[in-house]
Amino acid sequence: MQQGCRNSQKCDQYISFNDQPSPQMVSSDQLPKNYDFSEVEERWRNTWRDEDNFFDPNSKKPQFVIDTPPPYPTGNFHIGNALNWCYIDFFARYKRMKGFNVMFPQGWDCHGLPTEVKVEELHNITKNDVSREEFRKMCRELTEKNIAAMRITLRKMAFSTDWSNEYITMTPKYYSKTQLSFLRMLASGYIYQSEHPVNYCTRCETAIAFAEVSYDDRETQLNYFDFDGVEIATTRPELLAACVAVAVHPGDDRYHKLKGRTMKVPLFGHDVPVVQDEAVDPAFGSGAVMICTFGDKQDVHWWKQHNLDLRKAIDRQGKMTAIAGKYQGLDTTACRKAILDDMKAQGILHRQEKLAQRVGTCWRCKTPIEILSERQWFVKIKPDEIQKAAHQITWYPEHMLRRMENWVDQMEWDWCISRQRIFATPIPVWFCRKCGEMAVPDEKDLPCDPTLTKPKHPCRKCGSTEFEGEVDVLDTWMDSSISVLNVTGWDGNGNPPYFPAQIRPQGHDIIRTWAFYTILRSVAITGSKPWDQILVNGMVLGEDGFKMSKSRGNIIVPEEILVKYGADALRQWGAMGAATGSDIMFNWNDVVAASRFQTKMWNITKFALIQLEKGGFDKNTEVTALADRWLLVRLSDTIEAVSKAMEEYQFDVALKAIREFAWDVLADNYIELVKGRLYQQDGSRAGACLALHTAFDSLCRMLAPFIPYFAEECYSYLNPGQSVHKQPWVSFTYDDDAARKEGNTLVQVVAEVRKYKHDNNMALNAPLGKVTIYAPHSVNDEGDTGRTINANVHWRTDVAKLDRAITDIEFNRSVVGKTFRKDAQAFMDAVKALSPAELEKPPKTIRINGVETEIPADAFTPKFSYMEEGAKVDVLTVGDVIVTIAKK
RNA sequence: GGGCUCGUGGUCUAGUCGGUUAUGACGUCGCCCUUACACGGCGGAGGUCGCCGGUUCGAAUCCGGCCGGGCCCA
């Protein structure tokens with residue numbers, strides 16, 4: 001049996017992380033009885049300095065640059081943001097403790113429609129009522145106000161933001177980079193303009209990208225009507241004016257005669273060709289479809305494939321155009337009704353059926369999108385390039401990579417980046433009024449608003465100085481998809497100094513947008529992947545398991561939790577709720593449990609302080625008692641498990657392990673075992689003080705990334721003037737297999753004795769007589785066991801010599817009574833008369849009143865008593881350990 | 001319709017490259033105010049691990065099918 005720490009070399013590490021231990025601790029009577037989170041959190045918030053979190057460009061430490069998500073400045077930091085930021089802060093703090101030069105920037109993704117709508121609402125105007133510049137100013141002012149409000153929440157949450165690396169996409173400093181990236185991609189051929197069908201929201205009056213289209217299930221009518229002698233089914237009769245062909249399946253015998261013909265469009269009278277295409281489903285409707293420009297994506301396909309005419313029947317406002325003849329100016333719904341009415345009047349509408357269909361809608365306003373052909377700007381999508389980079393990135397959790405693969409695989413059109421809005425980064429381009437040639441600004445003249453300025457050089461083609469500035473602006477994803485280039489220091493001169501970033505944390509809802517666009521643009525501009533790793537977080541669902549929404553009334557805002565339970569409790573909820581990447585239900589229970597853990601830890605802190613201030617703590621103490629060694633080895637196990645989990649971003653696993661160690665191992669078992677020894681004044685305290693101090697110090701460090709306020713508060717009592725956030729991550733290791741095994745047994749023995757007392761209606765502190773523990777090895781417990789169970793404990797390594805005797809027989813009266821009726825008593829007497837050997841192994845039959853009678857099953861059970869050295873004892877067993885308790 | 005993901009006591013959840021009585025939290029019931037903590041401690045009750053079939057000495061775990069939820073996309 002090994003005594004003491006058998007690995008003195010590793011034990012030395014304890015010393016290395018604690019230069020100035022206990023002498024200047026705060027006195028325990030200065031600790032408040034209860035932990036007041038609001039007082040503590042505010043105090044530390046006012047004490048900590050922003051500079052401590054700054055990325056140091058001159059540092060020799062390895063860099064850890066985080067490409068944090070720039071939230072949309074709505075003014076409210078919502079709980080989904082909070083979860084995401086919790087994850088970021090956990091590993092940002094962890095990496096700092098591990099010796100990395102961490103950059104935890106804070107961006108703000110300002111541009112976009114929601115702010116425009118809000119400004120119109122607040123000022124009771126529409127965007128056309130004031131100048132573009134005036135409108136932008138209003139948007140900027142609102143955004144600044146919102147950012148200020150959100151910064152406050154970020155600080156309350158104790159996020160260790162690097163405020164020296166804050167960026168705001170609407171500032172000239174930032175959007176000149178957006179424009180620079182535009183010019184570079186224009187020059188390298190990634191960006192082009194073209195007239196091409198695009199998704200268009202007629203309410204927002206702007207083009208949108210596929211990533212911004214969501215889908216709604218609706219019910220519509222399928223209308224069967226006579227189309228120049230052929231029955232055709234359509235859900236969109238209002239597009240009849242835009243009909244450019246009729247398509248049938250080449251193998252459809254019904255329509256062989258149509259081959260090569262042209263047909264006359266009803267109501268409008270123009271002639272259209274009949275085309276054959278495999279993609280026509282002969283089973284749908286009548287098997288003949290009309291192709292319009294454009295009813296859906298399939299129409300675009302056919303239109304390209306068969307080189308058809310372009311007939312624009314719907315304009316940017318969603319109104320019918322001149323080619324719609326008498327229907328011009330109607331919106332699509334009114335036009336549909338009018339055309340159906342006219343079809344009925346002409347008797348060509350055969351019948352109508354209900355049809356469930358999925359329509360594409362604008363993800364912001366839910367208006368069904370139209371596909372319009374417009375001159376727009378596009379970014380070329382090169383799927384292979386993106387797939388390659390995506391596969392060079394480590395995905396957490398790994399399966400989120402599938403989302404990216406699937407999205408890239410089914411991209412059909414290029415990314416439409418032009419928007420017909422105002423509050424956004426201007427597209428830095430002019431067109432010559434005379435010849436139409438494009439002109440771009442010099443890079444040094446960025447940022448540039450072409451609607452307010454003129455090019456410095458005449459037209460390179462015709463020499464004219466008359467230019468028209470591009471009024472379209474850029475998709476906001478053009479701003480945010482260079483966040484990584486911005487934070488890694490890109491300025492257009494070569495590769496950015498800190499590129500690629502180490503990690504991108506983000507939600508799975510924006511894999512197809514932010515992650516996709518960022519990879520695309522990093523590859524286009526630098527030729528390589530933007531980050532080493534990507535950590536994808538889940539969505540926060542309401543307590544009812546549904547997505548939080550106003551209509552369900554299940555929204556929980558972080559501020560509410562901060563007021564009731566504080567930032568640390570909210571942060572624990574974030575860590576514990578679910579595995580990283582899974583959706584997580586909000587749950588007040590978890591917040592309450594988190595708060596209780598802090599109460600428990602607070603009491604542990606008080607206990608530790610009370611014991612350590614009595615003196616007796618010496619870091620050079622040799623640890624010999626089993627309980628002390630057990631605590632250290634369990635601590636070492638915990639540190640190893642927690643460190644491993646942190647490296648893999650498994651915060652739930654990490655925090656669970658910390659909590660279990662603190663509550664179960666340290667508080668409920670270790671402290672209960674050694675408190676008696678600590679109350680004494682002899683030298684046996686020293687080992688316990690060292691173990692307690694080591695465990696407490698390590699707990700503070702491991703908790704620091706999760707609950708920074710609480711960890712700092714606890715740590716400050718034992719180490720006044722020092723911040724736990726400037727300490728290195730715990731590296732303590734302690735190797736002692738015997739202590740782990742024997743200590744676990746010891747804990748189980750104590751638990752069994754407690755249960756024994758409970759079963760015997762004894763108080764847990766009731767005294768027992770002599771207790772003998774027969775263990776295979778000798779144990780030095782320094783009297784801990786005896787004091788804990790309040791008994792005179794003897795440890796022995798020999799084999800217990802116990803005599804078993806049957807003291808009583810318990811009869812199963814329902815069996816005995818039913819079987820023997822009036823002979824029951826005689827049966828029981830006969831059983832009692834059996835010899836002890838017969839009782840242990842009962843015969844099949846027994847003689848009752850002179851008759852040999854069968855003994856029924858389960859009729860009786862013998863009760864045993866044990867004798868040890870002539871005295872009656874009770875016996876407990878824990879594995880190969882036998883415990884005897886002398887009966888009084 | 002396709003892809004991904006999940007289905008474990010009342011609720012939430014751990015465990016899932018097969019192996020002894022399935023983890024913990026909340027709730028619930030009983031006992032206990034023992035000089036850190038009653039915002040606590042100790043103990044108990046409560047589960048056909050979605051359903052069916054297969055592989056195996058052995059399946060919550062592997063395979064197949066089905067049912068149901070969620071997300072992404074047609």
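Please read all numbers here as calculations on a predicted model, not as lab measurements. So that the names make sense, note that chain A is the first sequence line, chain B the second, and so on, each numbered from 1.
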Original post:
Within a reach of under 6.0 Å around NZ of Lys644(A), are more than 12 heavy atoms found that belong to other residues, nucleotides or ligands?
Top reply: no
**OP:** For Glu405(A), answer base if it contacts any base atom (sugar-phosphate contacts may also be present), sugar-phosphate if it contacts only those atoms, and nothing otherwise; contact means non-hydrogen atoms under 4.0 Å.
**Re:** nothing
Original post:
If only side-chain N and O atoms of Tyr35(A) are considered, is one of them under 4.0 Å from the OP1 or OP2 phosphate oxygen of A36(B)?
Top reply: no
**OP:** Measure from the side chain of Lys755(A), starting at C-beta and using heavy atoms only, and say which of G44(B), A36(B), G41(B) lies closest.
**Re:** G44(B)
**OP:** Check every strand shown and say whether Lys600(A) touches a base, only sugar-phosphate, or nothing at a heavy-atom separation below 4.0 Å.
**Re:** base
Original post:
Which of the following nucleotides, A36(B), A38(B), C12(B), is nearest to the side chain of Lys675(A)?
Top reply: A36(B)
Original post:
Is the phosphate of C39(B), meaning OP1 or OP2, less than 4.0 Å from a side-chain N or O of Gln598(A)?
Top reply: no
**OP:** Specify the separation, in whole Å, of atom NE2 of His693(A) and atom C1' of A36(B).
**Re:** 17 Å
Original post:
Quick one, which residues of residues 388-401 of chain A touch RNA chain B with a heavy atom under 4.0 Å?
Top reply: His399(A)
Original post:
In whole Å, what is the span from the CG atom of Asp36(A) to the C1' atom of C39(B)?
Top reply: 14 Å
Original post:
Taking the same atom, C1', in A14(B) and in G65(B), what whole-Å distance lies between them?
Top reply: 28 Å
Subject >> Most 5' of Thr599(A) and Asn603(A) on RNA chain B, judged by nearest nucleotide >> reply: Asn603(A)
**OP:** Round to a whole Å and report the spacing from CD of Gln650(A) to P of A14(B).
**Re:** 12 Å
Original post:
Using the P atom in both, what is the distance from C12(B) to U48(B), to the nearest Å?
Top reply: 16 Å
Original post:
With the threshold set at 4.0 Å, does a side-chain nitrogen-carboxylate oxygen contact exist between Arg402(A) and Glu405(A)?
Top reply: yes
**OP:** Choose from A36(B), C4(B), G41(B) the nucleotide whose nearest atom is closest to any side-chain atom of Arg402(A).
**Re:** C4(B)
**OP:** Salt-bridge test for Asp299(A) and Arg236(A): reply yes if a basic N is under 4.0 Å from a carboxylate O, no otherwise.
**Re:** no
**OP:** Could you work out the separation of C17(B) and C6(B) based on their P atoms and round it to a whole Å?
**Re:** 13 Å
Original post:
How does protein reach along nucleotides 19-32 of chain B, written 5' to 3' as B (base within reach of a heavy atom under 4.0 Å), S (only sugar-phosphate), or - (no contact)?
Top reply: -------SS--B--
Subject >> Enclosure of Lys388(A) NZ (heavy-atom neighbours >12, cutoff 6.0 Å) >> reply: no
**OP:** Please tell me which of Trp407(A) and Met585(A) maps to the more 5' nucleotide of RNA chain B, matching each residue to the nucleotide holding its nearest heavy atom.
**Re:** Met585(A)
Original post:
Is Arg504(A) close enough and on-axis enough to Trp514(A), meaning under 6.0 Å and within 45°, for cation-pi?
Top reply: yes
Subject >> Sugar-phosphate, base or nothing in reach of Asn34(A), heavy atoms under 4.0 Å >> reply: base
Subject >> Distance, rounded to the nearest Å, where Ile604(A) contributes CD1 and C39(B) contributes C1' >> reply: 14 Å
Original post:
Considering only C42(B), A36(B), C37(B), which nucleotide approaches the side chain of Tyr679(A) most closely?
Top reply: A36(B)
**OP:** In whole angstrom, give me the gap between the P atoms of C4(B) and C62(B).
**Re:** 16 Å
**OP:** Assess the pair Tyr709(A) and Phe37(A): is the distance between their ring centroids shorter than 6.0 Å?
**Re:** no
Subject >> Separation of the P atoms in G53(B) and G47(B), to the nearest angstrom >> reply: 22 Å
Original post:
Quick check: are there more than 12 heavy atoms from other residues, nucleotides or ligands sitting under 6.0 Å from CD of Glu412(A)?
Top reply: yes
Subject >> Length of the CD-P vector between Gln506(A) and C71(B), whole Å >> reply: 18 Å
**OP:** Take atom CG of Asn199(A) and atom P of A74(B), then tell me their distance rounded to the nearest Å.
**Re:** 10 Å
Original post:
Using a cut-off of 4.0 Å on non-hydrogen atoms, how would the nucleic acid contact of Ala608(A) be classed: base, sugar-phosphate, or nothing?
Top reply: nothing
**OP:** Just call it for Leu541(A): base, sugar-phosphate, or nothing, with non-hydrogen atoms closer than 4.0 Å on any strand.
**Re:** nothing
Original post:
Looking at the side chain of Arg403(A), which of C71(B), G43(B), A36(B) is the nearest nucleotide?
Top reply: C71(B)
Original post:
P atom, G9(B) versus G50(B): distance in rounded Å?
Top reply: 8 Å
Subject >> Whole-Å gap separating C1' (U13(B)) and CH2 (Trp588(A)) >> reply: 20 Å
Subject >> Interatomic distance at C1', C33(B) relative to U28(B), whole Å >> reply: 22 Å
Original post:
Which value, rounded to the nearest 0.5 Å, describes the distance between Ile519(A) atom CD1 and Met404(A) atom CE?
Top reply: 4.0 Å
Subject >> Length of the line joining Gln611(A):CD and C37(B):P, which is rounded to integer Å >> reply: 12 Å
Original post:
How far does the C1' atom of A22(B) sit from the matching atom of C67(B), given to the nearest Å?
Top reply: 24 Å
Original post:
So does Arg787(A) pair up with Asp784(A), basic N to acidic O under 4.0 Å?
Top reply: yes
Original post:
With both distances under 3.5 angstrom, what nucleotide forms a Watson-Crick or G-U wobble pair with U55(B)?
Top reply: none
Subject >> Base-pairing assignment for G1(B) (Watson-Crick or G-U wobble, both under 3.5 Å) >> reply: C73(B)
Subject >> Any strand: nucleotide that pairs with A45(B) via Watson-Crick or wobble, under 3.5 Å >> reply: none
Subject >> Atom pair OG1/CG of Thr694(A) and Leu632(A) - distance to nearest 0.5 Å >> reply: 5.5 Å
**OP:** Give a yes or no on whether Glu42(A) atom CD has more than 12 heavy-atom contacts from other residues, nucleotides or ligands under 6.0 Å away.
**Re:** no
Subject >> CA sep, side-chain torsions, deciding dist, call: Ile604(A), Trp663(A), side-chain contact (heavy atoms from CB on, under 4.5 Å) >> reply: CA-CA 9 Å; Ile604(A) 292 171; Trp663(A) 207 316; over 6 Å; no
